[in-house]
Chemist: 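Here it is, the structure in full.
The basis for the numbers below is simple: all heavy atoms, side chains too, and nothing from hydrogens, waters or symmetry mates. Protein chains get the first letters and strands the later ones, always in sequence-line order, with residue 1 at the start of each.
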2 protein chains.
Amino acid sequence: MYQYEYPHPAVTTDVVIFTIRDRQLKLLLIKRGGEPYKGQWALPGGFVQLDEDLEAGARRELEEETGVAGVYLEQLYTFGAVNRDPRERVITVAYYALIPSDKIVLQAATDAEAVGWFGMDELPELAFDHQKIVDMAHERLVAKLDYSTLAFQFMPAEFTLSELQAVYEIILRQDMDKRNFRKWILALEQIEETGNERCDGPHRPAKLYRALHRNKVEIIK
Amino acid sequence: MYQYEYPHPAVTTDVVIFTIRDRQLKLLLIKRGGEPYKGQWALPGGFVQLDEDLEAGARRELEEETGVAGVYLEQLYTFGAVNRDPRERVITVAYYALIPSDKIVLQAATDAEAVGWFGMDELPELAFDHQKIVDMAHERLVAKLDYSTLAFQFMPAEFTLSELQAVYEIILRQDMDKRNFRKWILALEQIEETGNERCDGPHRPAKLYRALHRNKVEIIK
DNA sequence: GCAAAAGTGTTATCCCTACACCCATGA
DNA sequence: TCATGGGTGTAGGGATAACACTTTTGC
């Protein structure tokens, strides 16, 4: 038992984990094993340890569910409506994470819960206020494509310009002109040719590129 | 005494309260009356009540210190480093608020603490990690001027274009061309003439304008 | 040789920037 | 009448958007 002179809320971190697969923006959900909302899908998350920074907690959840470390993680917003959890006052600090498509492992569920990737268009009903959190994360993602190199975080170490363009098209839900896209993305001076090529099928091989600053999201004008 | 099965952190809200006075961007600080950091300047803030939404808590702090209600308030970021408070684990949800210049009241200090407005260039040393919070709030403010109508929140109900331009110049710390500014701000279609004029001194009277959507910050492109 | 994706330039349009003088008023 | 801030237009340059054909490969 832990005692305090004044009442304290519980604090959790929840993580919206995005990736791109099958030409769709997908996110990872877990099926709740206990009450409340038992059996419903929800964002991965858990209580903040008192000896653990907020981001460290979010990263721990992320790694437990996906098995990947070192990916992009950013604080989104803190949700603290009085009745968002029926048990007690729970304030959640929400994060979102981007996973490169080649790092997805079909993870054995950690806590005997089911785990699944869902397309943004086929989300099930979510527990708590998690739909609101997902909506805000999606908005942020779309907005940040415009003025940062965030999209690179979905890419593997080497990628083609067509693959990169596809990421933009999938997230923004609109086709782009190939020539203008290439001119624009190269003018940013944020990627360089690796010198390698990739042969995919019955067509000309594509040059491979890498991000100049793999672990940093740059603000672009 | 309040008892929990698991340890809970304390949660506070802190508010960075901006206004513009004397051609300077200023913010409100209070002098701490108790330990820790007794006698040092800090952001207004306090513990979250369990029956009060986060924003409501921030707004309560804001109103207690400034006496103004209904002003712009936005969540900034949540700071939760393990040792940011020497007493116990304290997570703070930081907000920032913008006060129109005509609403500032020289407030009698609520809790026998001193209260003061400080220019961004003459801030004293701040308690806790409050300097970091102020820096982030300032960055957000500068960034949002570019792509939203946030600056209108500093304006009284009626204002001249020169006054509005001054707000941009003060926050962005750069002079702007008068004709280009007027063309740009009018093209946004976010303000309209009130029909009134103001005579200030020995010169032509200035037309007064009002924001079309006083209580909403629009995203502009 | 054919299907399929990779790669590549030019032109028109719009937006942003730079820039200087007259106007209305109070003293 | 003079000092002070209010108010107004145009032209050039840079960025954006539209648009079609050739190249390389696997089968």
Chemist: Tell me whether the side-chain N/O atoms of S162(B) come closer than 4.0 Å to OP1 or OP2 in dG5(D).
Modeler: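 So the side chain of S162(B) is outside the cut-off, no N or O lying under 4.0 Å from OP1 or OP2 of dG5(D).
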
Chemist: Among all residues two or more places apart in sequence or in another chain, which pass the ring pair (Phe, Tyr, Trp, His ring centres under 6.0 Å) test with F79(A)?
Modeler: Y77(A)

Chemist: Atom NZ of K221(A) and atom P of dC15(C): how far apart are they, to the nearest Å?
Modeler: 13 Å

Chemist: Hey, what do you get for CG (D146(B)) to CG (L172(B)), rounding to the nearest 0.5 Å?
Modeler: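 Here the interatomic distance stands at 6.5 Å.
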
Chemist: Between dC15(C) atom P and I220(B) atom CD1, what is the distance in whole Å?
Modeler: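 Going from I220(B) (CD1) to dC15(C) (P), I get 15 Å.
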
Chemist: Judged by modelled atom types alone, do T194(A) and E158(A) share a side-chain donor-acceptor pair under 3.5 Å?
Modeler: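 T194(A) vs E158(A): donor-acceptor pair found between side chains.
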
Chemist: Determine the sole option in L123(A), T19(A), I17(A) for which the side chain to side chain contact (heavy atoms under 4.5 Å, CB included) test with L27(A) is passed.
Modeler: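 Only match with L27(A) under side chain to side chain contact (heavy atoms under 4.5 Å, CB included): L123(A).
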
Chemist: Send over the distance from L188(A) CG to dA15(D) C1', rounded to a whole Å.
Modeler: 13 Å

Chemist: Pick the closest DNA chain C nucleotide for K183(A) and for L161(A) by heavy atoms, then say which residue is nearer the 5' end.
Modeler: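 Result of the comparison: L161(A).
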
Chemist: Is it true that the side chains of E74(A) and Y95(A) contain a donor and an acceptor less than 3.5 Å apart?
Modeler: no

Chemist: Quick check against the 3.5 Å criterion: does T12(A) have a side-chain atom that pairs as donor or acceptor with the backbone of G46(A)?
Modeler: no

Chemist: Say you draw a straight line from OH of Y209(A) to CZ of F152(A); how long is it, rounded to the nearest 0.5 Å?
Modeler: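 Atom-to-atom, Y209(A):OH and F152(A):CZ are 12.0 Å apart.
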
Chemist: Can you name the residues that form a side-chain contact (heavy atoms from CB on, under 4.5 Å) with H203(A), not counting sequence neighbours?
Modeler: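 Result, side-chain contact (heavy atoms from CB on, under 4.5 Å) vs H203(A): D200(A).
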
Chemist: Take the protein atom CD of Q165(B) and the nucleotide atom P of dG6(D), then report the distance between them rounded to whole Å.
Modeler: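 One finds 9 Å between P of dG6(D) and CD of Q165(B), rounded.
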
Chemist: Can you measure from NZ (K144(B)) to OG1 (T149(B)) and round to the nearest 0.5 angstrom?
Modeler: 9.0 Å

Chemist: Check each residue of residues 191-203 of chain B for a non-hydrogen atom within less than 4.0 Å of any atom in DNA chain D, then write out the ones that pass by number, or none.
Modeler: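 The answer is P202(B), H203(B).
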
Chemist: With the threshold set at under 4.0 Å for non-hydrogen atoms, list the residues of residues 150-160 of chain B touching DNA chain D in residue-number order.
Modeler: none

Chemist: Grab the CZ-P distance between R204(A) and dT25(D) for me, whole Å please.
Modeler: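 It is 8 Å, rounded to the nearest whole Å.
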
Chemist: Answer with yes or no after comparing the ring centroid distance for W184(A) and Y168(A) against a 6.0 Å cut-off, counting only values under it.
Modeler: yes

Chemist: Where along residues 173-182 of chain A does a heavy atom fall under 4.0 Å from DNA chain D?
Modeler: D177(A), R179(A), N180(A)

Chemist: For residues 167-188 of chain A, pull every pair meeting salt bridge (Lys or Arg N to Asp or Glu O under 4.0 Å), keeping only residues two or more places apart or in separate chains.
Modeler: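 Residue pairs passing salt bridge (Lys or Arg N to Asp or Glu O under 4.0 Å), neighbours aside: D121(A)-R173(A).
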
Chemist: Can you find a side chain N or O atom of K207(A) that sits less than 4.0 Å from OP1 or OP2 on dT8(C)?
Modeler: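 Answer is yes, contact under 4.0 Å.
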
